Number of protein chains: 2
Amino acid sequence: MNETPDVNTKDALLAAAIEVFADKGFDAATVRDICGRAKANVAAVNYHFGGKDALYVAVLEEIFPKDEHPQIAKDPDLSPQERLHNYLSDLTSEIYERGNGMVTQRWAIFLREMAKPSQNLDFIVKRQVQPRTDELRNILTEILGPDVPGAVLAFSSSNIWALVLDHLLTQPIIDRLTPQRPSVRGNIDDFVDHIVKFSLGGLSAVKENT
Amino acid sequence: MNETPDVNTKDALLAAAIEVFADKGFDAATVRDICGRAKANVAAVNYHFGGKDALYVAVLEEIFPKDEHPQIAKDPDLSPQERLHNYLSDLTSEIYERGNGMVTQRWAIFLREMAKPSQNLDFIVKRQVQPRTDELRNILTEILGPDVPGAVLAFSSSNIWALVLDHLLTQPIIDRLTPQRPSVRGNIDDFVDHIVKFSLGGLSAVKENT
DNA sequence: AGTTTGTTCAAACAGTTGTTTGAATTTTTA
DNA sequence: TAAAAATTCAAACAACTGTTTGAACAAACT
């Protein structure tokens with residue numbers, strides 16, 4: 001009757017599902033694995049969530065909360081260059097810095113959805129990507145000026161996102177290619193300084209001759 | 001003695017496997033689907049290749065041939081900036097231009113392996129990525145000068161790769177975010193010009209203060 | 001011819017998947 | 001306390017997976 005009969009197993013299932021989905025991906029994840037880690041019965045997923053798909057949706061709702069409004073770099077006192085620095089610093093540290101928390105798992109799931117999009121990618125884009133790209137777009141409009149062609153603005157915005165997301169995707173390749181290369185994690189500041197420099201240089205280059 | 005009018009079932013299986021693996025990924029691909037498209041019996045994969053895994057290896061050998069040596073931009077008469085332009089132009093058009101051929105399927109499989117690495121990623125990196133990154137590294141060494149720190153060179157190399165690979169990964173997001181944006185395919189030259197400008201600007205920016 | 005070798009095929013096998021069942025158990029309600 | 005509702009659980013289900021089997025067929029060689 002009450003809506004909080006046994007929160008324990010349901011929460012345990014959700015936590016285990018976040019782990020497994022981030023680690024294996026939706027297809028490779030099995031409900032038996034999830035229930036095993038949650039110390040619950042195999043039928044628990046269907047009882048509490050209604051099925052594997054619904055559990056995945058619940059996971060997405062959990063790790064992409066609605067009320068999250070970053071807009072960190074909106075301080076009007078800062079120059080757009082400084083705001084870009086703050087923007088890239090915050091985004092980078094969120095992706096790479098915190099190792100075992102929920103934040104990195106969220107980006108792992110995001111990466112999986114990009115490589116093999118499902119219907120749920122719409123949800124993730126609306127919750128996670130849309131507000132961040134809007135903010136970047138504002139910063140870039142100030143840097144490039146109001147007369148910049150829309151294509152240049154769109155390309156540049158994608159370029160800067162690509163610089164940040166790069167390691168998320170190419171980490172396994174870098175491990176195989178140049179294992180001696182220092183990892184981003186632990187050198188976040190160096191990495192951020194580099195991509196800020198690279199971005200500002202690239203932006204002024206595409207601004208010059210338009 | 002060769003080229004019988006009847007289609008070789010082994011070749012048909014290989015062709016169908018390339019399609020299915022590129023479209024669904026290794027896990028989601030089924031041998032029944034592959035054999036169905038090849039109009040072959042379910043047991044044909046095991047008879048001709050020995051199993052699904054061995055078929056995947058055969059597909060990788062097929063779409064990542066050994067004798068492929070790009071080194072297009074090695075002309076010593078060109079400036080490193082021009083060589084970078086040629087390098088990015090060739091790489092971009094190979095990834096995005098030819099729509100239905102084998103080349104794009106190769107990059108689709110590459111993307112899948114990056115998002116969920118398997119043992120075969122070593123093979124792909126050695127065959128596909130290694131020679132191209134070596135070439136880029138040479139170009140960047142000339143542009144940045146011999147005294148550039150190794151970390152800056154490594155970061156910059158990754159950055160430029162990220163600019164090219166960007167759309168491969170974010171295409172499904174862009175479709176959901178800004179559908180009005182002109183696609184890269186069809187505007188390859190504009191895209192290449194943009195990332196060349198952006199790259200050169202970024203490179204001189206990271207070169208300045210080191 | 002006959003024999004051998006290579007290839008196809010329908011059927012079945014063994015394993016895993018998500019899901020359902022129905023009875024046992026716990027918790028809540030009256 | 002007793003009835004009722006909510007939750008757990010072992011077992012089974014149906015569908016799908018890659019793989020194997022053994023007979024049928026085809027081609028090549030002696």
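Computed from a predicted model, the values in this text were never measured in an experiment. Naming: A, B, ... by sequence-line order, numbering from 1 per chain.
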From [atom1] of [X] over to [atom2] of [N], roughly how many Å is that when rounded to an integer?
X	N	atom1	atom2	answer
B:Lys24	D:dC16	NZ	P	13 Å
B:Asn8	D:dA26	CG	C1'	15 Å
B:Ile34	D:dT17	CD1	P	11 Å
B:Leu55	D:dG18	CG	P	11 Å
B:Lys10	C:dT8	NZ	C1'	16 Å
B:Leu13	D:dT19	CG	P	13 Å
B:Asp33	D:dA15	CG	C1'	17 Å

Touch class at under 4.0 angstrom, heavy-atom based, for B:Ala29 against every strand present: sugar-phosphate
Look at the side chain of [X] and decide which nucleotide, out of [options], has an atom nearest to it.
X	options	value
B:Ala43	C:dT19, D:dA10, C:dA10	C:dA10
B:Arg32	D:dG18, C:dT8, D:dA12	D:dG18
A:Asp53	C:dT19, C:dT8, D:dA6	C:dT19
A:Val31	D:dT8, C:dG18, D:dT19	C:dG18

Backbone N/O of B:Ala29 and side chain of B:Asp33: donor-acceptor pair under 3.5 Å: no
B:Tyr96 (side chain) donor-acceptor with B:Val164 (main chain) under 3.5 angstrom: yes
Sidechain N-carboxylate O distance under 4.0 Å for B:Glu19, B:Lys24: no
Side-chain N or O of [X] less than 4.0 angstrom from OP1 or OP2 on [N]?
X	N	value
B:Asn46	D:dG18	no
A:Thr9	D:dT8	yes
A:His48	D:dT8	yes
B:Asn41	C:dT7	no

Donor-acceptor pair between A:Asn86 and A:Glu82 side chains, under 3.5 angstrom: no
Closest approach of A:Trp161 to A:Leu136 (non-hydrogen atoms, all atoms of both residues): CD1-CD2, 3.3 Å
Along DNA chain D (nearest heavy atom to each residue), the more 5'-positioned of A:Tyr47 and B:Asp27: A:Tyr47
Given DNA chain D, 5'-ward residue of the pair A:Lys39 and B:Thr30, judged by closest heavy atom: A:Lys39
